[in-house]
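Below: the structure, in structure tokens.
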Amino acid sequence: MKKIISVGAGDYIGPEVMKEAKKVLESVASKFGHKFEFRDVFVGGASIDEFGVPLHKSQLDIIKSSDALLFGSIGGPKWDSVAPEIRPEKGILELRKSLETFANLRPVKVFSELIDASPIKREIINGVDLVVVRELTGGIYFGERKTDFDESGKEYATDTLKYDEDEIRRILKVAFELAQKRNKKLCSVDKENVLDSSKLWRKIALEVSKEFGDVEFSNMYVDNAAMQLILNPAQFDVIVTGNMFGDILSDAASVLGGSLGMLASASLSEKGKVAMYEPSGGSAPDIAGKGIANPIAQILSASMMLSISFNLQEEAQAIEKSIEKVLKTHRTADIFTSGTQKVTTEQMGDLIAKNI
Ligand code: NAD
């Protein structure tokens, strides 16, 4: 199989960890007989330096004409003083808008080798392997908002949480299809006892569930879901929810695994369109240039790309298995425990690539 991959390495630790992800992809390509052609693009701080804006049309054109975008984290203190309209983060927002990535997938898998790195007790965290699917382009973050003064002079502010049935249906379908490929369990999270938007969400979720009879479907209120993620996270396979609830729940879920350096994410559009794969964490300026960043989040992002955009399941699993094997004996500083050998970013990438 031949695929063209746009690579936006990003800022600070971005290029360091991306180098290792590319190395692992090359190893997969040679083992399984594929060809991955990388096209480097500038987005974020690197783009401000190159073009004066966080996302230039020329780069977007390259991204849109490729099969997927492997992305690093962007931003950092170097660009703290640039004008608000050209801040690095604007690059990501413009990218999401242009690619219409309405579904954000954040997997949380607790590798048994890292169980003691989690802030949660071993017996609770054991076996956790879940994905939060968050609706990314609708809901309260995109609704009408207003700050004003009422007749008595009191200041007030409103934000509108609006979803239409099509927006709900398409994210539910992404989540059900994902559950079908995994452990066939889907929990839809809402606040149906209070919000009309959640009543509609639940109605459509139930309707879509009828098309996926092989998936065990349940609903949960968001307050309970927040509690269950800490009390019994292993009960979940796929969780699907709206933009704001997903924002909060996916951050809560992300700490289960122990380190930000282990967490990947995917932002998907309609089938067949370019999807974006990136670590959940930021550009970690505090450790950049020291060779100690954990490249696994970036490598797992590449593995998600193989599985979701290219349907290369065996190849994606080969990456995960290699990571599991290497973690038994070697760790970067963020996940280091005694009895293992501490390695640099580059050494970790070499080991994972070698074990494919
Ligand atoms: P951060 O996620 O970069 O760092 C938080 C902590 O986690 C730091 O101590 C860092 O060293 C550690 N960390 C993160 N990734 C790691 C890795 N791979 N290996 C080892 N340790 C790792 O968050 P921050 O410091 O708040 O943000 C830094 C910059 O990143 C900011 O400019 C922020 O805007 C940006 N950011 C970008 C994205 C993105 O590109 N999607 C997301 C979040 C933050």
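When a ligand or atom number is given, it counts from 1 through the structure's own listing order.
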Problem - Nearest-0.5 Å distance that lies between atom CG in Leu95 and atom CG in Leu55 - result: 5.5 Å
Exercise for the section: Evaluate the 4.0 Å heavy atom contact test for atom 41 (N) of ligand 1: does a protein atom fall under the cut-off? Expected result: yes
Practice task
For side-chain hydrogen bond (donor to acceptor under 3.5 Å, both in side chains), just list the numbers for Gln313 and Asn311, CA-CA rounded to whole Å, side-chain angles, deciding distance to a tenth of an Å, and then say yes or no.
Solution key: CA-CA 6 Å; Gln313 308 308 339; Asn311 200 22; 2.7 Å; yes
Completion exercise
Tightest non-hydrogen contact, residues Pro233 and Ile124, listed as CD-CG2, 3.4 Å
Exercise for the section: Could you list which atoms of ligand 1 come closer than 4.0 Å to a heavy atom of Gly75? Expected result: 32 (O)
Exercise for the section: Starting from atom 31 (C) of ligand 1, find the nearest protein heavy-atom neighbour and note its residue, name and distance. Expected result: Gly76 N, 4.3 Å
Problem - Is_contact(atom 26 (O) of ligand 1), protein non-hydrogen, under 4.0 Å - result: no
Practice task
Write out the residue and atom name of the closest protein heavy atom to atom 36 (N) of ligand 1, then the distance separating them to 0.1 Å.
Solution key: Gly282 CA, 3.5 Å
Handout entry: Distance-only donor-acceptor check, side chains Ser6 and Ser66, under 3.5 Å
Key = yes
Practice task
Check whether any heavy atom of Ala297 sits under 4.0 Å from an atom of ligand 1.
Solution key: no
Practice task
Determine, counting only non-hydrogen atoms of the protein, whether one lies under 4.0 angstrom from atom 19 (N) of ligand 1.
Solution key: yes
Problem - Test log, rule side-chain hydrogen bond (donor to acceptor under 3.5 Å, both in side chains), inputs Arg331 and Thr337 - result: CA-CA 8 Å; Arg331 309 277 175 86; Thr337 47; 3.0 Å; yes
Exercise for the section: Determine, using heavy atoms of Val17 and all atoms of ligand 1, whether some pair is separated by less than 4.0 Å. Expected result: no
Exercise for the section: Determine whether more than 12 heavy atoms belonging to other residues, nucleotides or ligands lie under 6.0 Å from atom CD of Glu123. Expected result: yes
Exercise for the section: Measure Glu89 to ligand 1 on non-hydrogen atoms and call it side chain, backbone, both or neither using the 4.0 Å cut-off. Expected result: side chain
Problem - Ser259 N/O to ligand 1 N/O under 3.5 Å - result: no
Handout entry: Closest protein heavy atom (residue, atom, distance) for atom 39 (C) of ligand 1
Key = Ile92 CD1, 3.6 Å
Practice task
Given side-chain hydrogen bond (donor to acceptor under 3.5 Å, both in side chains), test His56 with Glu50 step by step and report yes or no.
Solution key: CA-CA 9 Å; His56 192 264; Glu50 187 73 16; over 6 Å; no
Handout entry: N-O pairing of Lys23 and Glu20 below 4.0 Å
Key = yes
Fill in the blank from the handout: re atom 30 (O) of ligand 1, the protein heavy-atom contact at minimum distance is Ser283 N, 3.0 Å
Problem - Salt bridge flag under 4.0 Å for residues Lys22 and Asp40 - result: yes
Problem - More than 12 heavy atoms of other groups within 6.0 Å of Glu211 CD - result: yes
Practice task
Show which atoms of ligand 1 fall inside a sub-4.0 Å distance from at least one heavy-atom site of Asp334.
Solution key: 20 (C)
Completion exercise
Taking only non-hydrogen atoms of Glu278 and a 4.0 Å limit, the atoms of ligand 1 in range are 41 (N)
Handout entry: Any N or O of Ile74 closer than 3.5 Å to N or O of ligand 1
Key = yes
Practice task
Look up atom NZ in Lys109 and atom CE in Met262, then write down how far apart they are to the nearest 0.5 Å.
Solution key: 10.0 Å
Completion exercise
Looking only at protein heavy atoms, what sits closest to atom 22 (C) of ligand 1 is Ile287 CD1, 4.0 Å
Practice task
Give the residue and atom name of whichever protein heavy atom lies nearest to atom 6 (C) of ligand 1, and the separation in Å to one decimal.
Solution key: Leu260 CD1, 4.4 Å
Problem - Closest protein heavy atom (residue, atom, distance) for atom 28 (C) of ligand 1 - result: Pro285 CD, 3.5 Å
Fill in the blank from the handout: atom 13 (N) of ligand 1 sits nearest the protein heavy atom Ala284 CB, 4.0 Å
Problem - Asp286 contact mode with ligand 1 (heavy-atom cut-off under 4.0 Å) - result: side chain
Problem - Proximal atoms of ligand 1 relative to Ser73 (non-hydrogen, under 4.0 Å) - result: 40 (O)
Handout entry: Enclosure of Gln180 CD (heavy-atom neighbours >12, cutoff 6.0 Å)
Key = yes
Fill in the blank from the handout: Note: Ile13, heavy atoms under 4.0 Å from ligand 1, region reported as side chain
Problem - Neighbour count above 12 (heavy atom, 6.0 Å) for Lys203 NZ - result: no
Problem - Under 3.5 Å: N/O of Ser280 near N/O of ligand 1 - result: no
